[in-house]
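Not measured: the values here are computed from a predicted model. The basis for the numbers below is simple: all heavy atoms, side chains too, and nothing from hydrogens, waters or symmetry mates.
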Amino acid sequence: MEPPHPRAPRDPSALLALYDRQMRRGARPEGPDCRVERVGDVVRAAGPADAWNGVLWSGLGGPDTDTDAAVAAQIDHYRAAGLSFEWKLYGYDTPADLGDRLRAAGFTAGEPETLMAAEAAALPRDVPLPEGVELRAVTDEAGVRQVVEVHERAFGTDSASLGRRLLDRLATDPDGVAAVVALAHGEPVSAARLELHPGTDFAGLWGGGTVEGWRGRGLYRALVSHRARIAADRGHRYVQVDAAPTSRPILRRLGFLELTTTTPYTYEV
């Protein structure tokens with residue numbers, strides 16, 4: 001892994017190239033019992049069933065590359081391990097019809113998101129919280145339960161696996177993740193986490209969610225600011241996020257740059 005770039009670029013194309021080099025082609029394992037494998041023109045993450053399993057990067061656009069065979073090889077690999085997985089497809093990946101090929105091979109496309117990034121130290125450091133709300137670092141099982149509760153209320157999905165992954169990371173790699181929950185008079189109403197990647201310029205903003213009734217009151221911005229401050233203090237120049245359409249305008253106003261799109265393609269075994 002290359003050291004953090006001393007003069008990291010500010011324009012979107014150069015920043016995207018840096019992200020691609022460090023976070024996709026140069027990806028490192030995240031979490032216990034996880035690994036990153038480089039097989040031909042594919043970089044993939046593999047680990048336990050509760051971990052994120054999938055293709056991080058591919059370079060399948062060459063004239064001598066059999067794209068369909070490469071896709072089939074990934075399906076065979078994860079199927080042999082009994083693992084469903086995700087192919088994380090970015091807007092600049094080749095060949096241009098890779099998404100169509102993935103769908104033809106049995107993948108299901110999720111909603112596209114926008115990869116956005118900003119200089120961590122340039123983001124607002126102190127965003128006012130609503131009266132009666134406090135931010136609390138998540139460090140133990142009780143805090144993880146609060147994060148899971150927020151996610152399930154905010155997104156309407158079963159977030160038990162997220163809780164298990166977060167608890168594992170806090171136990172085995174506490175310097176690699178930071179989570180925060182917003183409490184309104186003791187009730188968890190918003191939560192998010194920060195994934196830290198030592199040796200890179202980037203830290204990732206993930207899982208920001210706010211329960212209905214507390215949206216539109218600045219909690220999302222406050223959690224972005226809180227995590228960006230941690231990232232900057234830990235030596236990461238940039239924070240990045242896969243932004244949903246609802247988050248994109250807020251992040252743009254904060255100073256985030258739009259780099260490309262990213263679409264999850266899932267394969268169920």
Side-chain angles (χ1 to χ4, degrees), residues 12-31 34-47 49 51-79 81 83-117 155 157 161-162 165 195 197 200 202 204-208 238-248 251 256-269:
S13 60
L15 185 53
L16 178 59
L18 182 66
Y19 177 87
D20 184 89
R21 185 166 67 251
Q22 290 188 351
M23 303 306 297
R24 299 190 68 199
R25 288 180 287 168
R28 303 174 101 180
E30 294 184 3
C34 295
R35 61 192 180 277
V36 171
E37 301 170 338
R38 292 166 176 83
V39 182
D41 295 320
V42 168
V43 178
R44 67 191 181 204
W52 188 88
N53 289 278
V55 174
L56 294 158
W57 176 87
S58 64
L60 304 178
D64 299 323
T65 301
D66 187 334
T67 299
D68 294 331
V71 170
Q74 303 315 308
I75 294 173
D76 290 344
H77 167 78
Y78 287 103
R79 182 185 286 149
L83 295 170
S84 299
F85 72 105
E86 177 182 314
W87 193 302
K88 198 168 174 62
L89 184 67
Y90 288 76
Y92 59 95
D93 287 345
T94 56
D97 65 348
L98 182 53
D100 293 335
R101 292 172 182 265
L102 292 173
R103 282 189 290 269
F107 287 79
T108 300
E111 291 297 322
E113 296 179 314
T114 302
L115 175 65
M116 303 180 74
F155 302 118
T157 57
S161 61
L162 165 66
R165 289 198 304 271
E195 300 280 347
H197 305 281
T200 77
F202 294 90
L205 305 179
W206 296 98
Y238 293 103
V239 286
Q240 57 83 202
V241 59
D242 291 350
T246 52
S247 303
R248 197 162 58 237
L251 294 167
F256 280 74
L257 298 175
E258 297 183 18
L259 305 184
T260 187
T261 59
T262 176
T263 304
Y265 284 78
T266 56
Y267 191 96
E268 300 292 339
V269 299

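With hydrogens and angles disregarded, a donor-acceptor distance shorter than 3.5 Å links the side chain of Thr67 to the backbone of Leu60. Between the side chain of Thr114 and the backbone N or O of Met116, no donor-acceptor pair lies under 3.5 Å. Within the 3.5 Å criterion, the main-chain N or O of Val43 finds no donor-acceptor partner in the side chain of Arg38.
The CZ atom of Arg44 lies 8.5 Å from the CZ atom of Arg35; values are rounded to the nearest 0.5 Å. To the nearest 0.5 Å, the span separating CD on Glu86 from CG on Asn53 amounts to 10.0 Å. Note that NZ of Lys88 is 6.5 Å distant from CD of Glu113, once rounded to the nearest 0.5 Å.
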### Task
Might you work through the side chain to side chain contact (heavy atoms under 4.5 Å, CB included) test for His77 and Val39, ending with a clear yes or no?
CA-CA 11 Å; His77 167 78; Val39 182; over 6 Å; no

### Query
Would Arg24 and Asp93 count as a side chain to side chain contact (heavy atoms under 4.5 Å, CB included) if you check the C-alpha gap in whole Å, the side-chain angles of each, and the deciding distance to 0.1 Å?
CA-CA 12 Å; Arg24 299 190 68 199; Asp93 287 345; 2.9 Å; yes

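The two residues Ala27 and Leu56 make their nearest non-hydrogen contact at CB-CD1, 3.6 Å. Listed here is the closest heavy atom pair of Gly110 and Thr263: O-CG2, 3.5 Å. Ala117 and Leu15 make their closest contact through CB-CD2, 3.9 Å (heavy atoms, listed as atom of the first residue, atom of the second, distance). Ala243 and Leu251 make their closest contact through CB-CD1, 3.6 Å (heavy atoms, listed as atom of the first residue, atom of the second, distance). The minimum heavy-atom distance linking Cys34 with Pro29 is given by the pair O-CB, 3.4 Å. Taking each heavy atom of Ala105 and Val71 in turn, the nearest pair found is CB-CG1, 3.9 Å.
For the side-chain contact (heavy atoms from CB on, under 4.5 Å) test with His197, the passing option among Glu30, Arg28, Gln22 is Glu30; the others fail. Remark: of the listed residues Trp52, Tyr265, Phe107, Phe107 is the sole one forming a ring pair (Phe, Tyr, Trp, His ring centres under 6.0 Å) with Phe85.
Between Leu102 and Tyr267 there is no side-chain heavy-atom pair separated by less than 4.5 Å. Side-chain contact between Asp68 and Arg101 is present, with at least one heavy-atom pair separated by less than 4.5 Å. Between Ser58 and Asp41 the shortest side-chain heavy-atom distance does not fall below 4.5 Å. Side-chain contact check for Asp100 versus Arg103: some heavy-atom pair is nearer than 4.5 Å. Using a 4.5 Å heavy-atom threshold, the side chains of Leu16 and Leu115 count as touching.
Side chains of Asp20 and Tyr92: a donor-acceptor N/O pair is present below 3.5 angstrom, by distance only. Judged by distance alone, the side chains of Ser84 and Glu268 do bring a donor and an acceptor atom under 3.5 Å apart.
The aromatic rings of Tyr90 and Tyr19 lie tilted to each other, with the angle between the two planes from 30° to 60°.
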